[in-house]
Participant: 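Pasting in a structure now, in C-alpha cells, and then I'll have a few things to ask.
Numbers for residues simply follow the sequence, beginning at 1.
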Amino acid sequence: MVLLMLRSFLVCITFLAVSHPCSLYASTCTPTVSSGGSIQTAIDAANSGDTVCIGAGTYYEQLTLKDGITLKGEELGRTIIDGSGSGTVILGAYSTNISNLTIKNGTYGIYASKISKLDVNNTVIVGNGYGFYSYSSELRASNSVLDLNTTSAIYFYGSKLSQITLLNTILSNNNYDISSDDLTELWYSLGNNLTYNNANKTFGNYSSDSTVSDQDPLFVDTASNDYHLKSSSPAQNAGYGTDPDSSTADIGAYGGSGMDNTPFTVSGLSTSETADNTLTLSWSANSAYNIAGYKVYFDSDASGAPYDGSSTEGTSPIDAGNVTSFTLSGLTATATAPEPPTGLIAAPGNKAISVSWNAVDGATGYIVYWGTSPGNYAQNTDVGNTTSYTIQGLTNGTVYYISVSAYSAPTYYVAVTAYDSLNNESVLISETSAPLSNVAEGLKSGETSEYPEESVPFPNLKDEGLCFIATAIYGSNMEPDVAILRKFRNHYLLTNPIGRGLTAVYYSVSPPMADFIRDHELLKSIARIALLPFILVAKLALLTSFNMKLILSVFLALLAANLVVARKRILS
C-alpha cells in the first residue's frame, strides 16, 4: 500500500508539472451566458473544444455537459449554479473541464458515470448531498473546496475502475471526507490537501504526508460564499505549484495558476454628512489576507459608472489605502428647484388633518406648511420623500390653511472597491446614494383648507367622517368630490345658524341611508348622479363672487326647509 501511494503521488506530481489542466485556465473569461440566461442552451450549442463562460449570477439549473467542453465562471464567488435542493447539479461528460464556479444545493453536486478526464479546478462544491459522485470514472481536481456536503465530499462506486487525482483541495465540514464501496481498490493520487471538521475521517488513511489534517482553513465568510483565506490560514502557501504573485500556491479555491484573481466585493457601505458639503464613508473590511487597500468612486450626475467626481481629497477614484472609512470634503454639486406639487387633498381627523399630493419629478423631499389664515403659515415640517402626511395636535373646529413645497438635494453616488497586492480590483456593485443638506426648495403648491374634527360615525358604517352618504357612495372620505362637499360644509354651513341647522338635520337622517346605500352598487351609481347638483353648488360657492354666494344662500334656505319636512315624514 505504501509503495502504491508513493507511486501514485509521483505520477500525480509528474502529471501536474507537465500537463495538469489547471495551468491552462485564465482567471477571467468573456461571458457566453449572462444572468437570467440558460446555461444548458449554451452547452447544447457548444462544440468540443469550446468554452462556455458563465456571467456572475445565480442560476437555478441542472446541467448535462457535452464531451470536450469547458464550463467556466466569470467570478468564482458570484457565479453560482444552484440545484434547487435535489437532483444532479452537473452531470459530467468525457474530457470536460469545470472551473471558477460555485456548485450547490443538489443531491449530487457533480455526478460522473463511466467517464474519464473530468477536471475540476478552482471550484467550490458546497451544501450538496454528495459533493462529487463517481461511478467508475476518473476525477482530476485541484485548488477546490468541498464544504458542508451532508453525505460525503467525494464518493466512489465501482472503485476498481475509478481513479482520483486530488491536489491543493480543502475538504471541510462534510459528513464523510471521502468514501467508497471499496476504498482498498481505488486508484488515487493525493497531495497538498487540507481536511477539517469532517464527521467521518477516512481521507487520512490514504493521503500523502503533505496533507494538512484537522486545521481550520480560516475562510473569510462562507455565509456570503467568500472562500478566500484569512491571515494565518494554514492553507496559505501550503500547496503545490505557484500563485499568480509567484509565491507558493495556496490550498483551496483561491490558489494555483488558474485562480480567480478578483477580490470579493465590498459590503456594508454607508455614508453620512458630517459637515457642509462633506461625506464620510464607511464599509466592512475585506479580511482576505492579500487585500492591500480600497478605492473610492463618486460623482453627482447619475447613478453608475463612469464616476468622475471631484473633492478636496482628489478626483474619483481615490486610493484610500487600507482603511475602512474615508471622508470626501469640498463637494460642490448643486440642485435644481423642483416644480410645485399638484393634486393637494386634505381630509379631517380628530385634532388632525391628513394631506396628500402628487409626486414631483426630481424631488427628494417635501415640506408641509400650515396656519390659521390664508397664505400665513406659522408652522412647517420636512416630511421627507413621501406624498402624504398627517398634521397632528390641531384644534378641532378651527380652519387650517395648508400648502406643500418640493425640494431637491444634491445627491452623490459613491462606491468602494477592494484591491489586492497585484492591484486586482473587485467589481463595482456596492453603490449607495448620499444626499447633501444644501437643498433647493421649489415654490409652494396651491393652498387647501380643512377643519379638524372628532369623527362620530354611524355605528354600522365602515368609513369614518361626517359626510356619511357621500363617503358611502364614493367609498372613501379622501375622494375629491367628498372633499368639496366637506369644504362647503366647513366654510358655509357651519358658519351660520341656518347652515348649522341644516347640517344637524343631515346628521340625523343620513347615517341609515348611507349604510343602506353602501351595500348596493346600483344605488351608489344613482346617488352619484343625484349628488352632482350639490357638488356643482359647492364648487360654485367656493369659487364664486359675493353675489353668487347670496343667491346660493337663498337656495340653501329652501333646501333646509325641504329637509325639515322630510325629517318629519320619516319620524312619523
Participant: Can you classify the ring geometry of Y369 versus Y377 as parallel (below 30°), tilted (30 to 60°) or perpendicular (above 60°)?
Facilitator: tilted
Participant: Output yes when a side-chain donor or acceptor of T41 lies under 3.5 Å from a complementary backbone atom of I39, and no otherwise.
Facilitator: no
Participant: Would you say the side-chain atoms of T342 and N358 include a donor-acceptor pair closer than 3.5 Å?
Facilitator: yes
Participant: State whether a side-chain donor-acceptor pair under 3.5 Å links N290 with S421.
Facilitator: no
Participant: Within this structure, what is the OG1-CG distance for the pair T274 and L281, rounded to the nearest 0.5 Å?
Facilitator: 9.5 Å
Participant: Please test T102 against N225 for side chain to side chain donor-acceptor pair (under 3.5 Å), starting from the C-alpha separation and ending with a verdict.
Facilitator: CA-CA 8 Å; T102 296; N225 205 47; 3.0 Å; yes
Participant: How about OH on Y176, more than 12 heavy atoms from neighbouring residues, nucleotides or ligands closer than 6.0 Å, or not?
Facilitator: no
Participant: Under 3.5 Å, which donor-acceptor pairs do the side chains of residues 296-304 form with other protein atoms, sequence neighbours left out?
Facilitator:
unit_1 : atom_1 : unit_2 : atom_2 : d
Y297   : OH     : E425   : OE2    : 2.6
S303   : OG     : E431   : OE1    : 3.4
S303   : OG     : E431   : OE2    : 2.5

Participant: Below 4.5 Å, heavy atoms only, C-beta onward: do N198 and N173 meet side chain to side chain?
Facilitator: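 No, side chains not in contact.
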Participant: Would T381 and Y389 satisfy side-chain contact (heavy atoms from CB on, under 4.5 Å), going step by step from the backbone distance to the final call?
Facilitator: CA-CA 10 Å; T381 185; Y389 181 71; 3.7 Å; yes
Participant: Side chains of N121 and N143: is there a donor and an acceptor less than 3.5 Å apart?
Facilitator: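 N143 and N121 do not have a side-chain donor-acceptor pair below 3.5 Å.
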Participant: Can you find a side-chain donor-acceptor pair between D308 and S316 that sits under 3.5 Å?
Facilitator: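 Side-chain D/A pair, D308 to S316: absent.
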Participant: Do Y196 and L171 come within less than 4.5 Å of each other through their side chains, counting heavy atoms only?
Facilitator: no
Participant: Is there side-chain contact between N128 and Y108, with at least one heavy-atom pair below 4.5 Å?
Facilitator: no
Participant: Is the W283 to Y294 ring centre distance short of 6.0 Å?
Facilitator: yes
Participant: As an exercise, state the distance from CG of L218 to OG of S232, rounded to the nearest 0.5 Å.
Facilitator: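 Rounded to the nearest 0.5 Å, the CG-OG separation comes to 7.5 Å.
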Participant: If we only count heavy atoms from C-beta on, is the T387 to S356 side-chain gap below 4.5 Å?
Facilitator: no
Participant: Is it the case that Y289 and D250 place a side-chain donor and acceptor less than 3.5 Å from each other?
Facilitator: yes
Participant: Please report the C-alpha distance between S247 and D245 in whole Å, then the side-chain angles of each, then the deciding distance to 0.1 Å, and finally whether the side chain to side chain donor-acceptor pair (under 3.5 Å) criterion is met.
Facilitator: CA-CA 6 Å; S247 65; D245 63 359; 2.5 Å; yes
Participant: Please determine if R140 and D119 form a salt bridge, counting it only when a charged side-chain N lies under 4.0 Å from a carboxylate O.
Facilitator: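 Looking at R140 and D119, the cut-off is met.
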Participant: Show the numbers, then the answer: is there a side chain to side chain donor-acceptor pair (under 3.5 Å) between Y227 and D147?
Facilitator: CA-CA 10 Å; Y227 281 85; D147 186 45; 2.8 Å; yes
Participant: Pick out which of I103, L71, L91 makes a side-chain contact (heavy atoms from CB on, under 4.5 Å) with L63.
Facilitator: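 The option that passes is L71.
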Participant: Quick one: does Y111's side chain have a donor or acceptor within less than 3.5 Å of a partner on T107's backbone?
Facilitator: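 Not confirmed, Y111 side chain does not pair with T107 backbone.
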Participant: Just checking, any donor-acceptor pair under 3.5 angstrom between side chains of T364 and S408?
Facilitator: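 Short answer, no.
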Participant: Would you tell me whether N100 and D260 have side-chain atoms, one donor and one acceptor, within less than 3.5 Å of each other?
Facilitator: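 No donor-acceptor contact under 3.5 Å links the two side chains.
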Participant: Given the ring of F219, does K230 sit roughly above its face, with NZ or CZ under 6.0 Å from the centre of the six-membered ring and within 45° of the axis?
Facilitator: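 Relative to the ring axis of F219, which defines the angle, K230 lies outside at least one limit.
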Participant: Is a side-chain donor or acceptor of N193 paired with a backbone partner of L166 at a separation under 3.5 angstrom?
Facilitator: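 Side chain of N193 to backbone of L166: a pair is present.
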Participant: Working note: T432 + Y413, criterion side-chain contact (heavy atoms from CB on, under 4.5 Å); need CA distance, chi angles, decisive distance, verdict.
Facilitator: CA-CA 6 Å; T432 187; Y413 303 92; over 6 Å; no
Participant: Name every donor-acceptor pair, under 3.5 Å, that has one atom in a side chain of residues 82-89 and the other anywhere in the protein, sequence neighbours excluded.
Facilitator:
unit_1 : atom_1 : unit_2 : atom_2 : d
D82    : OD1    : S84    : N      : 2.7
D82    : OD1    : N105   : ND2    : 2.9

Participant: Please report the closest heavy-atom contact between P217 and S233, naming both atoms and the distance.
Facilitator: O-OG, 2.6 Å
Participant: State the CD1-OG distance between I110 and S134, to the nearest 0.5 angstrom.
Facilitator: 11.0 Å
Participant: Measure across G256 and A249 and return the closest heavy-atom pair with its distance rounded to 0.1 Å.
Facilitator: N-CB, 3.9 Å
Participant: If you compare all heavy atoms of T30 against all heavy atoms of C53, which two are closest, and at what distance to 0.1 Å?
Facilitator: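 Where T30 meets C53 most closely, the heavy atoms are O-CB, 3.2 Å.
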Participant: Look up atom NZ in K72 and atom CD1 in I98, then write down how far apart they are to the nearest 0.5 Å.
Facilitator: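 The CD1 atom of I98 is 12.5 Å from NZ of K72, to the nearest 0.5 Å.
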Participant: With side-chain contact (heavy atoms from CB on, under 4.5 Å) as the test, would you mind laying out the steps for I318 and F326 before giving the verdict?
Facilitator: CA-CA 10 Å; I318 296 174; F326 191 77; 3.7 Å; yes
Participant: What distance separates T448 OG1 from Y401 OH, expressed to the nearest 0.5 Å?
Facilitator: 10.5 Å
Participant: Mark yes or no for whether Y412, through its side chain, and S433, through its backbone, hold a donor-acceptor pair below 3.5 Å.
Facilitator: no
Participant: Applying side-chain contact (heavy atoms from CB on, under 4.5 Å) to F132 and Y155, what does each step give before you reach the verdict?
Facilitator: CA-CA 6 Å; F132 182 88; Y155 182 84; over 6 Å; no
Participant: With no hydrogens and no angle check, is any side-chain donor or acceptor of T386 less than 3.5 Å from a backbone partner on G384?
Facilitator: no
Participant: Using every non-hydrogen atom in the two residues, find where A418 and P263 come nearest and quote the distance to one decimal.
Facilitator: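 So the minimum-distance heavy-atom pair works out to O-CG, 3.9 Å.
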Participant: Will you find, in the side chains of E447 and S403, an N or O donor that is under 3.5 Å from an N or O acceptor?
Facilitator: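 No, because no side-chain N or O of E447 sits under 3.5 Å from a partner of the opposite role on S403.
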Participant: Is a side-chain N or O of D243 found less than 3.5 angstrom from the main chain of S246, in a donor-acceptor match?
Facilitator: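 Not at all, since once roles are kept as given, no pair shorter than 3.5 Å links the two residues.
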Participant: Looking at side-chain heavy atoms only, is the closest gap between D420 and T262 below 4.5 Å?
Facilitator: no
Participant: Hey, does the side chain of S152 reach the backbone of I154 with a donor-acceptor pair shorter than 3.5 angstrom?
Facilitator: yes
Participant: In Å, rounded to the nearest 0.5 Å, how long is the span from CD of Q379 to CH2 of W370?
Facilitator: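 It is 5.0 Å, given to the nearest 0.5 Å.
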Participant: Any non-hydrogen side-chain atom of I90 less than 4.5 Å from a side-chain atom of I81?
Facilitator: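 Yes, at least one pair of side-chain atoms sits under 4.5 Å.
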Participant: Has D361 got more than 12 heavy atoms of other residues, nucleotides or ligands less than 6.0 Å from its CG?
Facilitator: no
Participant: Check this for me: E313, atom CD, are more than 12 non-hydrogen atoms of other residues, nucleotides or ligands nearer than 6.0 Å?
Facilitator: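 Count over threshold, so yes.
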Participant: Would you check if there is a donor-acceptor pair between the side chains of D382 and Y407 at a distance under 3.5 Å?
Facilitator: yes
Participant: Is the shortest heavy-atom distance from the side chain of S172 to the side chain of N197 under 4.5 Å?
Facilitator: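 No, their side chains stay 4.5 Å or more apart.
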Participant: Would you check if there is a donor-acceptor pair between the side chains of T280 and T327 at a distance under 3.5 Å?
Facilitator: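 A pair is found: one side chain offers a donor N or O, the other an acceptor, under 3.5 Å apart.
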Participant: Under a 3.5 Å cutoff, is there a donor and acceptor pairing between the side chains of E74 and T79?
Facilitator: no
Participant: Would you name the heavy atoms of S35 and G57 that are closest together and state the gap between them?
Facilitator: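 For S35 versus G57, the nearest heavy atoms are OG-CA, 4.2 Å.
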Participant: Indicate whether the side chain of T70 and that of N97 have a donor and an acceptor atom separated by less than 3.5 Å.
Facilitator: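 A donor-acceptor contact under 3.5 Å links the two side chains.
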Participant: How far apart are the closest heavy atoms of K201 and D214, and which atoms are they?
Facilitator: NZ-OD1, 3.2 Å
Participant: Applying side chain to side chain donor-acceptor pair (under 3.5 Å) to N149 and N174, what does each step give before you reach the verdict?
Facilitator: CA-CA 5 Å; N149 296 289; N174 304 286; 3.0 Å; yes
